[in-house]
Every structure is written in C-alpha cells, then in structure tokens.
Amino acid sequence: MNGLTRKLATIAAGSALALTSAPAQAAPSFPRGCASTSATTDRTWRVSLKPCLSSEEGYDNDSGSWIQKPAVAVTVNCEHSDLLLWSGRRCHVSGRWEVKRNGNSVASGSISMTADPDHGNSRFHAYYRCAGHGTYTLTVSNLSGTDATTSNRPRTARPPEVTARGTGC
C-alpha cells in the first residue's frame, strides 16, 4: 500500500467509526390514549366527547421551527333527534381539562368552544410540556353541551367526567 492509499483507508475507517459510534437521537414517545363520555336529555339532545392524549405539530419558540408536541385533543359531537334520525348540531361546549404525570398535575385549562359540524369545527386542542417518562392521564370534567341553534329553550346535556391514560415522554 502506498502512502496515499494508506491515508485514504485511514480516513475512510475513521469516518465509518464516527458514523457508527454516534448515539442515535430517539424521537420522543408522547403519551397516547383516548376515552369517551356522553349524555342525552329528553331523548332528543345528545352530547358526546372523546378526549385524547396525542401529539400534534406546533411551533416551538425555543428552536424557531415546527415540531411534534404533546397535546390534548377533545373531539365534540352534538346531535339532535327528530323521532328516528340523529343529525349533527352546532353547540357550545364548556368544561375543564387536566393532564397529570404519575398523579402530579402537569397542565390544566378550560374548554370553551362552539362545535359546528357544518363548518368542520368540532375539535378542541391544547399543548402541554412533558415532565419526563411516566403514566399520563387526561381528565375532562364539569362538562356541559348546549344546543346553539335554539334560542327560546336551549337544551343542555352534562356528560360525566372521564379520564384517558397513556405512557410516554
């Protein structure tokens, strides 16, 4: 082996070693899990919610880029029945949400939105910061869903509290 060939072989071996010995940066494993709750009043008004621990793309101020972030997502479905058929209705939903890690509060907030199936707005979401690996819970409580299409006698359903669970971060 001449001098040039030996140098190239040494550089190539060093580069291969550097590539194989660099620790891989694992993508975070965000908690995931869903639950559901619903309530019906007068057999004609139903409010259903599906709260989930998930991840969504969001802007990160620290890095100045869009990244996947742990999120709270609550899908809302309000329906009215005319004898046999249920149809989607616009409604106002309110309540509280709280994320805990191993029983300790990580984040909380209020839910206040108008869900409108005709305009694609039936989902509430919020971000939270992970507090290390563990079991995360999302509890939604004090829920209320009021028919936003009737003004003379609005109907309100109050779904019971529900908790979704997931492991991650």
Side-chain angles (χ1 to χ4, degrees), residues 19 22-41 45-81 85-150 154-169:
L19 289 174
Q25 185 76 356
S29 172
F30 298 121
R32 296 191 180 284
C34 296
S36 61
T37 185
S38 65
T40 304
T41 61
W45 179 245
R46 178 169 54 205
V47 177
S48 305
L49 292 99
K50 183 179 178 182
C52 295
L53 290 164
S54 65
S55 66
E56 294 184 9
E57 189 173 67
Y59 188 77
D60 181 57
N61 290 324
D62 295 335
S63 68
S65 61
W66 291 88
I67 62 169
Q68 285 295 310
K69 299 169 80 170
V72 167
V74 181
T75 303
V76 177
N77 188 23
C78 298
E79 297 174 297
H80 170 74
S81 173
L85 300 174
W86 289 91
S87 59
R89 250 329 142 83
R90 189 167 51 94
C91 65
H92 179 74
V93 175
S94 61
R96 302 270 318 143
W97 63 270
E98 182 176 27
V99 174
K100 292 182 178 180
R101 178 188 157 265
N102 298 339
N104 298 314
S105 184
V106 172
S108 63
S110 61
I111 299 169
S112 181
M113 67 171 288
T114 298
D116 189 347
D118 294 332
H119 295 95
N121 181 27
S122 61
R123 197 161 168 271
F124 167 86
H125 79 271
Y127 298 109
Y128 67 94
R129 287 189 184 264
C130 281
H133 192 271
T135 300
Y136 284 76
T137 58
L138 164 62
T139 300
V140 293
S141 59
N142 299 324
L143 297 167
S144 174
T146 302
D147 187 346
T149 61
T150 61
R155 294 168 294 184
T156 300
R158 301 186 190 289
E161 177 178 298
V162 67
T163 300
R165 291 174 172 71
T167 302
C169 288

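In this chain, numbering begins with 1 at the start of the sequence shown. Nothing here was measured: the structure is a model prediction, and the numbers come from that model.
In terms of modelled atom types and a separation under 3.5 Å, the side chain of Arg101 and the main chain of Ala131 share a donor-acceptor contact. Formation of a donor-acceptor pair under 3.5 Å by the Lys69 side chain with backbone atoms of Tyr59 is found in this model. At least one donor-acceptor pair under 3.5 Å links the side chain of Asn121 to the backbone N or O of Thr114. At distances below 3.5 Å, at least one donor-acceptor pair connects side-chain atoms of Trp45 with backbone N or O atoms of Gly145. A donor-acceptor contact shorter than 3.5 Å is absent between the side chain of His92 and the backbone of Ala115.
The shortest heavy-atom contact between Pro51 and Ala164 is O-CB, 3.8 Å. Nearest heavy-atom pair across Ala35 and Thr163 is CB-O, 3.5 Å. The minimum heavy-atom distance linking Thr37 with Pro160 is given by the pair OG1-O, 2.8 Å. Residue Pro31 comes nearest to Tyr136 through the heavy atom pair CG-CD1, 3.4 Å, listed as atom of the first residue, atom of the second, then distance. The shortest heavy-atom contact between Pro159 and Leu49 is CG-CD1, 3.6 Å. Closest of all the heavy-atom pairs between Cys130 and Phe30 is SG-CD2, 4.0 Å.
Under the rule for a side-chain hydrogen bond (donor to acceptor under 3.5 Å, both in side chains), the partners of His80 that lie at least two apart in sequence or sit in another chain are Asp82, Arg155. For His125, the ring-ring contact (aromatic ring centres under 6.0 Å, His included) test picks out Tyr127, with sequence neighbours left out. Among residues two or more places apart in sequence or in another chain, the side-chain hydrogen bond (donor to acceptor under 3.5 Å, both in side chains) test is passed with Asn77 by none. For Ser65, the side-chain hydrogen bond (donor to acceptor under 3.5 Å, both in side chains) partners at least two apart in sequence or on another chain are Ser63. Taking the side-chain hydrogen bond (donor to acceptor under 3.5 Å, both in side chains) definition, one finds that Thr156 meets it with Thr146, sequence neighbours left out.
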Quiz item: Under the side-chain contact (heavy atoms from CB on, under 4.5 Å) criterion, do Thr137 and Val99 qualify, and how do the steps go?
Solution: CA-CA 6 Å; Thr137 58; Val99 174; over 6 Å; no
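Pairs engaging residues 47-57 under the side chain to side chain donor-acceptor pair (under 3.5 Å) rule: Arg32-Ser55, Ser55-Gln68, Glu56-Arg123 [sequence neighbours left out].
In this structure, Thr135 OG1 and Lys100 NZ are separated by 13.5 Å, a value rounded to the nearest 0.5 Å.
Each of Ser105, Ser141, Ser108 was scored for a side chain to side chain donor-acceptor pair (under 3.5 Å) with Glu98, with one residue passing: Ser105.
Residues Arg90 and Asp118 are not paired through a salt bridge, judged by the lack of any N-O separation under 4.0 Å between the basic side chain and the carboxylate.
Side-chain contact check for Phe124 versus Val76: every heavy-atom pair is 4.5 Å or farther apart.
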